[in-house]
Q: 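The structure follows.
One-based numbering, in listed order, for ligands and for the atoms of each. Here, residue 1 is the first one in the sequence, and each next residue gets the next number.
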Amino acid sequence: RGSQPLLQDLAGRRVVVSAGGTREFLDPVRFIGNRSSGRQGYALARAAVVRGASVTLIAANVTLPAPAGVTVTSVVSTRDLRDAVLEAAQHADAVVMAAAPADFRPRTYTDHKIKKTDDRSAPTVELVQNPDILAELSHDRPRKDLVVAGFAAETGDAEGSVLTHGRTKLARKGCDLLVVNEVGADKGFESTDNEAVILGTDGSETVVPHGSKDALAHRIWDLVAERW
Ligand code: CTP
Ligand code: CA
């Protein structure tokens with residue numbers, strides 16, 4: 001927003017942002033996780049606070065300091081995240097799912113450390129699918145004017161381009177906005193910069209050029225605010 005005066009255009013709005021990556025424990029010391037740092041979610045929370053919103057940040061395994069003026073709820077697993085997001089969404093005007101929930105969890109949790117055996121064998125970990133929080137919230141909205149946004153990190157493949165996959169995902173999830181990032185070796189994860197296309201259910205495609213996660217966060221709130 002550079003030299004522009006700070007607009008309190010989100011004043012009076014309650015927003016929920018999820019951030020980080022969930023962990024699914026196999027035993028007390030081991031988990032299945034992912035590389036999400038939580039930076040984009042934290043940037044969204046900061047940007048919303050600056051613009052006057054009341055912000056609840058639901059953080060999964062994030063090591064960043066809590067942004068000033070933000071209520072942070074910590075969660076571990078995708079099911080914890082689901083409970084916290086659905087609860088916070090009851091009183092929210094917008095929910096942005098910037099977290100990377102683990103899609104699968106081990107079918108069983110072993111309450112002691114799994115030990116090696118001498119026969120060089122290895123256990124087989126059976127996985128089950130986790131709930132899809134974004135789809136559930138979008139299809140079963142606690143308030144009809146709730147705006148819901150998600151993220152999708154995609155690569156192009158033989159089935160289609162990054163944006164084709166993004167459109168398909170937007171339709172499947174049922175959210176209003178989907179922020180599509182192209183991921184590759186040095187794009188997206190664990191970087192401070194991001195570039196994205198924000199797809200809307202109204203057919204809109206907002207290209208956000210290479211820039212900071214803060215700049216992307218502000219564009220996302222612009223588009224959320226337009227939908228209120
Ligand atoms: N998401 C969610 N609950 C899940 C998985 C994902 O709410 N169990 C949300 C993410 O926070 C993100 C969006 O859905 O906002 C897209 O996540 P992504 O992993 O790209 O979608 P998936 O449906 O899991 O599809 P994929 O098989 O491509 O991982
Ligand atoms: Ca996924």
Side-chain angles (χ1 to χ4, degrees), residues 15-25 31-45 48 56-62 73 75-89 92 94-107 127-142 146-184 187-190 194 196-201 208 213 216-217 219-221 223-224:
V15 305
V16 176
V17 177
S18 69
T22 64
R23 293 178 179 176
E24 303 294 343
F25 278 82
F31 59 84
I32 297 172
N34 64 68
R35 293 164 58 198
S36 179
S37 66
R39 283 200 200 95
Q40 185 63 65
Y42 275 52
L44 279 155
T56 298
L57 179 57
I58 302 171
N61 311 295
V62 179
T73 300
V75 296
V76 176
S77 70
T78 294
R79 287 182 296 174
D80 299 339
L81 178 64
R82 173 188 175 277
D83 293 348
V85 167
L86 296 187
E87 162 70 29
V95 176
V96 180
M97 284 293 299
D103 291 332
F104 310 104
R105 66 177 184 276
R107 181 181 288 283
L127 301 176
V128 294
Q129 222 179 89
N130 269 327
D132 188 323
I133 303 159
L134 183 61
E136 186 176 343
L137 180 67
S138 300
H139 290 119
D140 193 7
R141 300 190 191 213
L146 176 72
V147 175
V148 183
F151 276 77
E154 301 287 345
T155 64
D157 60 23
E159 308 294 309
S161 69
V162 170
L163 286 189
T164 309
H165 286 302
R167 274 276 162 219
T168 305
K169 189 166 283 182
L170 177 65
R172 179 162 57 79
K173 298 283 187 178
C175 53
D176 303 296
L177 296 165
L178 190 72
V179 184
V180 182
N181 284 303
E182 182 170 4
V183 284
K187 282 182 170 171
F189 282 110
E190 291 170 0
N194 236 353
V197 180
I198 307 172
L199 303 178
T201 40
V208 185
K213 292 191 188 227
L216 176 57
R219 289 300 286 137
I220 293 166
W221 291 125
L223 296 175
V224 168

Q: Return the residue, atom name and 0.1 Å-rounded distance of the protein heavy atom closest to atom 29 (O) of ligand 1.
A: Asp103 OD2, 3.2 Å

Q: Does ligand 1 have any atom sitting under 4.0 Å from a heavy atom of Arg172?
A: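 Per 4.0 Å heavy-atom rule, Arg172 contacts ligand 1.
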
Q: Quick one: nearest non-hydrogen protein atom to atom 13 (C) of ligand 1, plus distance?
A: Phe151 O, 3.0 Å

Q: For Lys173, is the nearest heavy atom under 4.0 Å from an atom of ligand 1?
A: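 It does, in that a heavy atom of Lys173 comes within the 4.0 Å cut-off of ligand 1.
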
Q: Can you name the atoms of ligand 1, numbered from 1 with element, that are less than 4.0 Å from a heavy atom of Gly150?
A: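 Listed by number with element, the hits are 15 (O).
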
Q: Any heavy atom of Ala98 sitting closer than 4.0 Å to ligand 1?
A: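 Distance cut 4.0 Å: Ala98 fails for ligand 1.
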
Q: Is there a nitrogen or oxygen of Ala153 sitting under 3.5 Å from a nitrogen or oxygen of ligand 1?
A: no

Q: Between Glu136, Arg79, Lys169, which one has a non-hydrogen atom sitting closest to atom 26 (P) of ligand 1?
A: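 When every heavy atom of Glu136, Arg79, Lys169 is considered, Lys169 comes closest to atom 26 (P) of ligand 1.
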
Q: For atom 1 (N) of ligand 1, what is the closest protein heavy atom, and at what distance to 0.1 Å?
A: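 Ranked first by proximity to atom 1 (N) of ligand 1 is Pro101 CG, 3.7 Å.
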
Q: Determine whether Asp80 and Thr22 make a side-chain contact, defined as any pair of heavy atoms from C-beta on separated by less than 4.5 Å.
A: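 They are not in side-chain contact.
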
Q: Provide the closest heavy-atom pair for Gln129 versus Arg105 in the form atom of the first, atom of the second, distance.
A: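 Nearest heavy atoms, Gln129 then Arg105: O-NH1, 3.5 Å.
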
Q: Does ligand 1 come near enough to Met97 that some N or O of the ligand is less than 3.5 Å from an N or O of the residue?
A: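 Yes, Met97 has an N/O under 3.5 Å of an N/O on ligand 1.
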
Q: Within a distance under 4.0 Å of any heavy atom of Pro131, pick out the atoms of ligand 1 and give their elements.
A: 3 (N), 4 (C), 8 (N)

Q: For Ala99, is at least one N or O under 3.5 Å away from an N or O on ligand 1?
A: yes

Q: Write out the residue and atom name of the closest protein heavy atom to atom 7 (O) of ligand 1, then the distance separating them to 0.1 Å.
A: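 I find the closest protein heavy atom is Leu134 N, 2.8 Å.
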
Q: Might you point out which heavy atoms bring Gly38 and Ala19 nearest each other, and give the distance in Å?
A: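 Of all heavy-atom pairs spanning Gly38 and Ala19, the closest is O-CB, 3.9 Å.
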
Q: Is it true that, when you exclude Arg79 itself, more than 12 heavy atoms of the residues, nucleotides or ligands shown sit nearer than 6.0 Å to its CZ?
A: no

Q: Looking at side-chain heavy atoms only, is the closest gap between Leu137 and Leu146 below 4.5 Å?
A: yes

Q: What residue and atom, counting heavy atoms only, is the protein's closest point to atom 3 (N) of ligand 1, and at what distance?
A: Ile133 N, 3.1 Å

Q: Got Thr78 and Glu24 here, is their nearest side-chain heavy-atom distance under 4.5 Å?
A: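 Thr78 vs Glu24: side chains touch.
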
Q: Please list, in number order, the atoms of ligand 1 under 4.0 Å from a heavy atom of Asp132.
A: 2 (C), 3 (N), 4 (C), 7 (O), 8 (N), 23 (O)

Q: Might you point out which heavy atoms bring Ser18 and Leu81 nearest each other, and give the distance in Å?
A: CB-CD1, 4.0 Å

Q: Where do Leu178 and Ala152 come nearest, in terms of heavy atoms and distance?
A: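 Taking Leu178 first and Ala152 second, the nearest heavy atoms are CD2-CB, 3.9 Å.
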
Q: Taking all non-hydrogen atoms of both residues into account, name the closest pair between Val147 and Asp176 and its distance.
A: CA-OD2, 3.4 Å

Q: Using side chain to side chain contact (heavy atoms under 4.5 Å, CB included) as the criterion, point out the one residue from Pro101, Ser77, Pro131 that pairs with Arg82.
A: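 Among Pro101, Ser77, Pro131, the one meeting side chain to side chain contact (heavy atoms under 4.5 Å, CB included) with Arg82 is Pro131.
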
